Amino acid sequence: MKVERIQAPRGTKDVLPEEAKRWRAVEQAVDEVGELFGFGEIRTPAFESLRLFKRAVGEETDIVSKEMYLLQSKGDSSEEFALRPELTAPVVRAALENSLLSGQSDCLRLYYNSQPNFRYEKPQLGRLRQHHQFGTELLGPADPFADAETISFAIAVFRKLGLKNFRVRLNSLGSPESRAAWKEVLVPYLRQHFDKLSKDSQRRTETNPLRVLDSKAPEDQEIVRNAPIILDYLSADDKAHFTTLKSALESVGIECNIDPLLVRGIDYYTRTVFEVTSSDLGSQDALCGGGRYDNLVEQLGGPPTPAVGFGAGIERLLIALEKAEMLRLAEEQALIYIVALGPEAKPKAFETAGLLRAAGLRTMYDLLSDRSMKAQMREANREGATHVYIIGESELQDGAGMLKNMQSGEQIKVAFESLVSHMMGVGSSEPNYIIHHS
RNA sequence: GUGGGCGUAGCUCAGUUGGUUAGAGCGCCAGGUUGUGGCCCUGGAGGUCGUGGGUUCGAAGCCCAUCGCUCACCCCA
């Protein structure tokens, strides 16, 4: 009988047990940093009203115009939905919907962890159709230290995980007024060199001139290099904001590369934009991207509320950590493997495992039927058992099993009823991962 | 979306200009040790050569399509 195998959808990945340990290490690090910074966790639905993204991210952006998964809705609702391609808009929506902003003059500090995002793209290493992000959103503060706080949150996670070979790129896109002034100079400049620009950049000159700046096409490089830069068109306030941010980051040892060519593909950004890239990643090298979005909350129907945040890709972070061989998982705590010989021993093994587990001791036993001692021992060894507790016919008779230390090979008889207390002296409660820093 | 590379056992890979029963290492299972793991020795299981067509006396190798991975672009986390 030949049955067609159904595959996982293109651009999605299964996370298997070994890999899942690495995921948990990253997720733990994010939660710890969130705790450390006093941010509260938020989780939002995987799909939202399509209008949310059209309004927030921008209808002309690639993300909205060609990368969204649209959902067909049942019933008579004419509402269209989309799997979320990013998290800032949903988080802002949730904050407004749950009145998190009203009645408090303080700022709202939110973070999210391991949240799936969906974009219909051609898959590549580090570019999936479903990928996961952690990130933050600070709603309320206009202060440049909020920008510094945001970047430093991201860096704290990376440092905690021992990531190296990463670089922070920073730029300011200015307030809408500054940007308009700059565009008035930039667009004529690009038109002036129109013939020499790459096809893509010619198109972008009209649709999204900012994006010409981070073109990688060789023929664009010189034109881009001599193009008017936004930093020269910033208002006094924009400039002061940027300067304060730069020195704040410097004061905590976060090195930034000011990159006037850094633009980002989402419409809502104002002033600060930044990106963290890794040299261990190939062409999809952005680990984290974010910036300030002072007008978005209002655009989504809230009160005028300045805000800043970032999103970071977990799959990419894991690739970078693996390339640099950074994330080492520590050896596990004690593990007891019960070897049961014969059908009479199995119930006793199950019962004993229950007692050990109730006492917080990791315990396993063979789930296959009637396997030889050799097979069970081999599996115990493979699973990394520190101890094996053997229950056979004679052990059942005299009420005591054989406890073997797998490292030394020594074995002693331990009565069924005293096994738990005996093992309690052996177990440890080490954390299940450690991180190497150099 | 555009252009290039790849697809042989669970994994990493061999497979000579198309030529009989498609191989290795690791892993897995069993035996050597009638109730003792790791090391060693012996044996075994496991492959519609990604899938579907085509060319040919004959295809893992050639041609076409398709699926998947991958690299660069586009875009981005």
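Order of the sequence lines sets the chain letters (A, B, ...), proteins ahead of strands, with each chain counted from 1. All of these numbers come straight from a predicted model, not from anything done at the bench.
Side-chain atoms of A:Asn381 and base atoms of B:G38 include no donor and acceptor less than 3.5 Å apart. In terms of polar N and O atoms assigned as donor or acceptor, the side chain of A:Gln376 never comes within less than 3.5 Å of the base of B:U36 in a complementary pairing. Judged by distance alone, with hydrogens and angles left aside, A:Arg10 brings no side-chain donor or acceptor close enough to the base of B:C69 to form a pair under 3.5 Å.
Distance check on atom C1': B:G52 versus B:C57 gives 23 Å, rounded to whole Å. A distance of about 27 Å separates the C1' atoms of B:U48 and B:G43, rounded to the whole Å. The C1' atoms of B:G61 and B:G50 are separated by 15 Å, rounded to the nearest whole Å. Atom P of B:A30 sits at a distance of 46 Å from the matching atom of B:U66, rounded to the whole Å. Comparing the same atom, P, in B:C49 and in B:G23 gives a spacing of 14 Å after rounding to whole Å. A gap of 12 Å separates the P atoms of B:A9 and B:A14, to the nearest Å. Only the C1' atoms considered, B:G46 is 22 Å distant from B:C41, to the nearest whole Å. The same atom, P, is picked in B:G53 and in B:A60; the two are 14 Å apart, to the nearest Å.
Residue A:Arg204 is classed as a sugar-phosphate contact, given heavy-atom separations below 4.0 Å to backbone atoms only. A:Gly135 comes within contact range of no nucleotide atom at all, as no heavy-atom separation falls under 4.0 Å. Among the heavy atoms of the strands lying under 4.0 Å from A:Leu341 is at least one base atom, whether or not backbone atoms are also near. Contacts of A:Leu128 with the nucleic acid, taken as non-hydrogen atoms under 4.0 Å apart, include base atoms. Using a 4.0 Å heavy-atom distance criterion, A:Lys66 is classed as making no nucleic acid contact.
Counting to the nearest Å, the P atom of B:C75 and the CD atom of A:Gln124 are 13 Å from each other. Remark: C1' of B:G27 and CZ of A:Arg382 are 9 Å apart, rounded to the nearest angstrom. Atom CZ in A:Phe310 sits about 19 Å away from atom P in B:C76, given to the nearest Å. In this entry the distance linking CD of A:Gln284 with P of B:A72 reads 7 Å, nearest Å. For A:Met373 and B:G37, the CE to P distance is 8 Å, given to the nearest whole Å. Here the P atom of nucleotide B:G32 and the NZ atom of A:Lys374 are 7 Å apart, to the nearest Å. For the pair A:Arg211 CZ and B:C76 C1', the interatomic distance rounds to 8 Å; values are reported in whole Å. With rounding to whole Å, A:Glu383 atom CD is found 14 Å from B:C28 atom C1'.
For A:Phe153 and A:Phe39, the ring centers are positioned less than 6.0 Å apart. With ring centers used as reference points, A:Phe81 lies under 6.0 Å from A:Phe47.
Under the 3.5 Å distance criterion, with hydrogens and angles disregarded, a donor-acceptor pair is assigned to the side chains of A:Ser175 and A:Ser178. When only modelled atom types and interatomic distance are considered, A:Gln376 and A:Tyr365 share no side-chain donor-acceptor pair under 3.5 Å. In this structure, a donor-acceptor pair under 3.5 Å is absent between the side chains of A:His132 and A:Asn113.
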Hey, can you pull the donor-acceptor pairs under 3.5 Å for the side chains in residues 396-403 of chain A, sequence neighbours left out?
unit_1: A:Asp398; atom_1: OD1; unit_2: A:Lys413; atom_2: NZ; d: 3.3

Solution key, residues 61-69 of chain A side-chain donor-acceptor pairs under 3.5 Å, sequence neighbours excluded:
unit_1: A:Thr61; atom_1: OG1; unit_2: A:Gly58; atom_2: O; d: 2.7
unit_1: A:Thr61; atom_1: OG1; unit_2: A:Val64; atom_2: N; d: 3.3
unit_1: A:Ser65; atom_1: OG; unit_2: A:Thr61; atom_2: O; d: 2.8

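Annotation: the span from A:Ile314 atom CD1 to A:Leu318 atom CG amounts to 7.0 Å, rounded to 0.5 Å.
For A:Phe166, the ring pair (Phe, Tyr, Trp, His ring centres under 6.0 Å) criterion is met by A:Phe158, not counting sequence neighbours. Qualifying side chain to side chain contact (heavy atoms under 4.5 Å, CB included) partners for A:Glu379, counting only residues two or more places apart in sequence or in other chains: A:Tyr337, A:Asp366, A:Arg371, A:Arg382, A:Glu383.
Using a distance-only test at 3.5 Å, with no hydrogens or angles considered, a donor-acceptor pair links the side chain of A:Gln221 to the main chain of A:Ser215. Side-chain atoms of A:Tyr389 come within 3.5 Å of backbone N or O of A:Val414 as a donor-acceptor pair.
Picking from B:C75, B:C73, B:G1 the nucleotide with the shortest atom distance to the side chain of A:Glu121 gives B:C75. The A:Tyr120 side chain lies nearest to B:G1 when the options are B:C75, B:G1, B:U36. Here the side chain of A:Gln411 is nearest to one of B:C29, B:U36, B:C71, namely B:U36.
Applying the 4.0 Å criterion to OP1 and OP2 of B:C28, one finds that A:Arg378 has every side-chain N and O outside that range. For B:U70, the OP1/OP2 oxygens have no side-chain nitrogen or oxygen of A:Arg127 closer than 4.0 Å. Side-chain nitrogen and oxygen atoms of A:Arg316 include none within less than 4.0 Å of the OP1 or OP2 phosphate oxygen of B:C76. Listed pair A:Ser283 / B:C73 meets the phosphate criterion, a side-chain N or O lying under 4.0 Å from OP1 or OP2.
B:G43 is paired with B:C29 under the criterion used here, namely a Watson-Crick or G-U wobble arrangement in which both key atom distances are under 3.5 Å. In this entry B:U48 has no Watson-Crick or G-U wobble partner, no candidate having both defining distances under 3.5 Å. With a 3.5 Å ceiling on both atom-pair distances, the Watson-Crick or G-U wobble partner of B:G7 is B:C67. Pair assignment for B:U2 gives B:A72, based on Watson-Crick or G-U wobble hydrogen-bonding distances that are each under 3.5 Å. Using Watson-Crick or G-U wobble geometry with both donor-acceptor distances under 3.5 Å, B:U55 finds no partner in any strand shown.
Classification of B:G23 as anti follows from a glycosidic angle more than 90° from 0.
Scanning residues 388-396 of chain A for heavy-atom distances under 4.0 Å to RNA chain B yields A:Ile390, A:Glu393, A:Ser394, A:Glu395.
The closest side-chain heavy-atom distance from A:Leu262 to A:Leu170 is not below 4.5 Å.
Both A:Glu315 and A:Gly11 lie near RNA chain B, and the one whose nearest nucleotide falls closer to the 5' end is A:Gly11. The residue among A:Gly409 and A:Ser372 whose nearest nucleotide of RNA chain B is located toward the 5' end is A:Ser372.
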Along nucleotides 4-11 of chain B, 5' to 3', which nucleotides get a B, which get an S, and which get a -, given that the test is a protein heavy-atom distance under 4.0 Å? --------

